J.: 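I have a structure here, written as structure tokens, and I will follow up with some questions on it.
When reading the values below, keep in mind they use all heavy atoms of this one structure, side chains included, and skip hydrogens, waters and symmetry mates. Convention: sequence-line order gives letters A, B, ...; per-chain numbering from 1. Worth saying up front: this structure is predicted, and the values here are computed from it rather than measured.
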Amino acid sequence: MTRTDPFATSLRTHLGGELRASHAGAKVRLGGWVHRARNLGGLVFVDLRDRAGIVQVSFDPAYTPAEVLERAASLGNETVVLVEGTVMARPQEMRNADVATGDIEVRATGLEIVGPAVPAAIPVARSRNENLAAEELRLRHRYLDLRRPELQKNIVMRHRLMQRARRFLSEQGFLEIETPILTKPTPEGARDYLVPSRVHAGEFYALPQSPQLYKQLLMVSGFDRYFQIARCFRDEDLRADRQPEFTQIDIEASFVDQEDVMALAEGLIGALWAEAGYEIPERFPRITYADAMERYGIDRPDLRFGLEIGDASKLFATLDFAPTKAALDEGGRVRGIVVPGGGKLSRKQLDELDVVAKSAGARGVLRVKRTGDTMSASKAAELLGVEGAGKLGIADGDLALFVAGPDHVTSPALDRIRQELARMLDLIPAGERRFVWVVDFPMFEKDPSTGALGAVHHPFTSPLPEDVSLLASAPQRARARAYDVVLNGTELGGGSIRISNPETQGKIFGLLGIDEATATKRFGFLLEGLRAGAPPHGGIAFGFDRIAMLLADAGSLRDVIAFPKTTAARALFEGAPTQVPAQDLEELHVKVAEAQA
RNA sequence: GGGGCCGUAGCUCAGUUUGGUUAGAGCACUCGACUGUCACUCGAGAGGUCGCGGGUUCGAGCCCCGUCGGCCCCGCCA
């Protein structure tokens, strides 16, 4: 028994899942879990599972000592065993083409039970037609769920992506630098997770929402290429693609412009997708924010299908049609989508689209259908006539859907309609990957309830040089040196060129309603840093969990995170959060407002 | 903060439409048979707070109210 395998230890010689026909004749010692056992009476087969896969171990009186065979016959699923035996090529008729190790089996001569197991609370080996256990149970018994080959595959992919990112960035001269987890609360943005200080009564740390300020200060310090696989925390309500703690590939560089960061990001994405076995374009196309909103109604367009949004306001202005007239009179627009061959959509499907649009805030969807030279489906269709239809590009057999109102209503509604149409008409080609940069984001957006300006990206984002003059006159029209990279309608990451001039930073704070005293209190250490000699700098951050989910082809973020939280931000396995002893609270100078029943 | 769906054996699910005998099936588990299986097969058995609390009713897994938990969505997430 020679230890030639890199996974060999004092207890084992190989990973069973890696054994192949080339190992035939080898004497091996394996460690693993009993995935399944088949006892034929006098003959026992055990599927032994380790992280590399599953291998069949056979126990036969012809080569297995009686007491070993007896022990094998008693094995329960998920028991941990050490097996000793010889790898044998299986005769042709006994091979199993469904398993990677199916050309061989291990003929056992020894068996040791090293980890007896009670029956598993949720099955690791599922029978056919058996669904996965409820996610609640999978999270509660995470150690079992993580034994499933599918999840192991995801976690392995995550590891590979993480290493590939590290290697790629290191090779580009980026330094991996850790930043604090106990940091300063930030009133902007998402809610912070707070950590009370024991030493300083009444004071709190916060967990970082991102290492933003630290990485800018690292630029000020001269570490001109930084990266970090950074854990970030945001205390907001969750979604399928949102966890309270998540991981970003965080990048910042000095003496760079937008082009440099974008080129680097394209390189990194190319490397990550290559790691998962996909070849993608070296450069990604670009679209401005304004263009994206106009043509797709959203700032992260899915370019895998057409159905672009058009403006039909001019034509509708000539029609004596009250609903659209009213919207136009109020300064809104009539925008719509022409659906080639859309005439075949059923009444039920059209009603579904109506529901989708209404849930996005629209009053309703106006339908225009053309069959030959007959216009139907709405009063507006008749008023429009064939001539109007021609002007809008509505051909025989087509359907057009219009929404009227201000852009902040029509855009989201048409975005939802567009996506729903693509699904209904099966327009999304399988395996298609359409990367796109969205650039020239506005600097600010108005809070609809208060009317106050807020930063679209974050308050440290630099304006486009040609728009600096707008800051004083029309800040809402000023565009930012910010960029998002989008794949198939999913945002992978985003970043910006930062403000490296303390005066400009002060102006931006002013526009955001942060006076000098407040700015000093909250971001003083950044402003001080900028005054101490700051290079031009910028960066980008990628949502690593989401990328891992895409590349592992996982159905949920929770399937690429070893120990995820539920949508109520609970950890079911370890049971966090939890109450703590009164004495601990006292020491932290914390009083719980209402006694828990 | 709001809306939707779900919760029946250790697990996956029937049963809820129309309230009515002792709540079923497959897998897992226990016992037995079986020498080439690979979802082994076959026989037998054990296993239930129908999430929890309250209500309506002669009678509730099923109807009503509340509550807990999970998932999805809106708000929120610079």
J.: Check side-chain contact (heavy atoms from CB on, under 4.5 Å) between A/M94 and all other residues, then give those that pass, not counting sequence neighbours.
T.: A/R90, A/P91
J.: Go through the structure and list residues passing side-chain contact (heavy atoms from CB on, under 4.5 Å) with A/A73, not counting sequence neighbours.
T.: A/N39, A/V44
J.: Suppose you measure atom C1' in B/G48 against the same atom in B/G24; what distance do you get, rounded to whole Å?
T.: 11 Å
J.: Is there side-chain contact between A/T179 and A/P208, with heavy atoms separated by less than 4.5 Å?
T.: no
J.: Counting side-chain heavy atoms from CB outward, which of B/C11, B/C77, B/C71 is closest to A/E236?
T.: B/C77
J.: With RNA chain B as reference, determine whether A/G189 or A/R95 sits nearer its 5' end, using the nearest nucleotide of each.
T.: A/R95
J.: Could you write out each protein N or O paired with an N or O of nucleotides 39-45 of chain B at a distance under 3.5 Å?
T.:
unit_1	atom_1	unit_2	atom_2	d
B/A39	N7	A/R128	NE	3.2
B/A39	N7	A/R128	NH1	2.7
B/C40	OP2	A/R38	NH1	2.9
B/C40	N4	A/N39	O	2.4

J.: Among residues at least two apart in sequence or on other chains, which ones pass side-chain contact (heavy atoms from CB on, under 4.5 Å) with A/E130?
T.: A/P123, A/R126, A/S127
J.: Could you please name the option among B/U37, B/G70, B/C73 that lies closest to any side-chain atom of A/E135?
T.: B/G70
J.: Think A/R234 has a side-chain N or O under 4.0 angstrom from the OP1 or OP2 of B/A78?
T.: yes
J.: Say you pick atom P in B/C76 and the same atom in B/C65; how far apart are they, in whole Å?
T.: 30 Å
J.: Applying ring-ring contact (aromatic ring centres under 6.0 Å, His included) as the test, list every pair that has at least one member in residues 115-144 of chain A; sequence neighbours left out.
T.: A/Y143-A/F573
J.: Between A/R558 and B/C72, does any side-chain N or O lie under 4.0 Å from OP1 or OP2?
T.: yes
J.: Could you work out which one of B/A78, B/U12, B/G70 sits closest to the side chain of A/A568?
T.: B/G70
J.: Taking only Lys NZ, Arg NE, NH1 and NH2, and the carboxylate oxygens of Asp or Glu, determine whether A/D559 and A/R148 approach each other closer than 4.0 Å.
T.: no
J.: Determine the interatomic distance between P on B/G7 and the same-named atom on B/C63; round to the nearest Å.
T.: 11 Å
J.: What residues form a side-chain contact (heavy atoms from CB on, under 4.5 Å) with A/A576, not counting sequence neighbours?
T.: A/A571, A/E574
J.: Expressed as a whole number of angstroms, how long is the span from A/R140:CZ to B/G70:P?
T.: 8 Å
J.: Look at the side-chain N and O atoms of A/T567 and state whether any lies under 4.0 Å from the OP1 or OP2 oxygen of B/G70.
T.: no
J.: With rounding to the closest Å, how many angstrom separate the C1' atoms on B/C13 and B/U57?
T.: 30 Å
J.: With sequence neighbours left out, which residue pairs that include part of residues 487-521 of chain A fulfil the ring-ring contact (aromatic ring centres under 6.0 Å, His included) condition?
T.: A/F509-A/F523
J.: Could you please name the option among B/A78, B/U35, B/C71 that lies closest to any side-chain atom of A/Q212?
T.: B/A78
J.: Could you identify which residues of residues 62-75 of chain A place a heavy atom less than 4.0 Å from some atom of RNA chain B, listed by residue number, or say none?
T.: A/Y63
J.: For residues 484-495 of chain A, tabulate all N or O donor-acceptor pairs below 3.5 Å that involve a side-chain atom, not counting sequence neighbours.
T.:
unit_1	atom_1	unit_2	atom_2	d
A/N488	OD1	A/R434	N	2.8
A/N488	ND2	A/E432	O	3.1

J.: What's the gap between B/U30 and B/G10 when it is taken at their C1' atoms, as a whole Å value?
T.: 14 Å
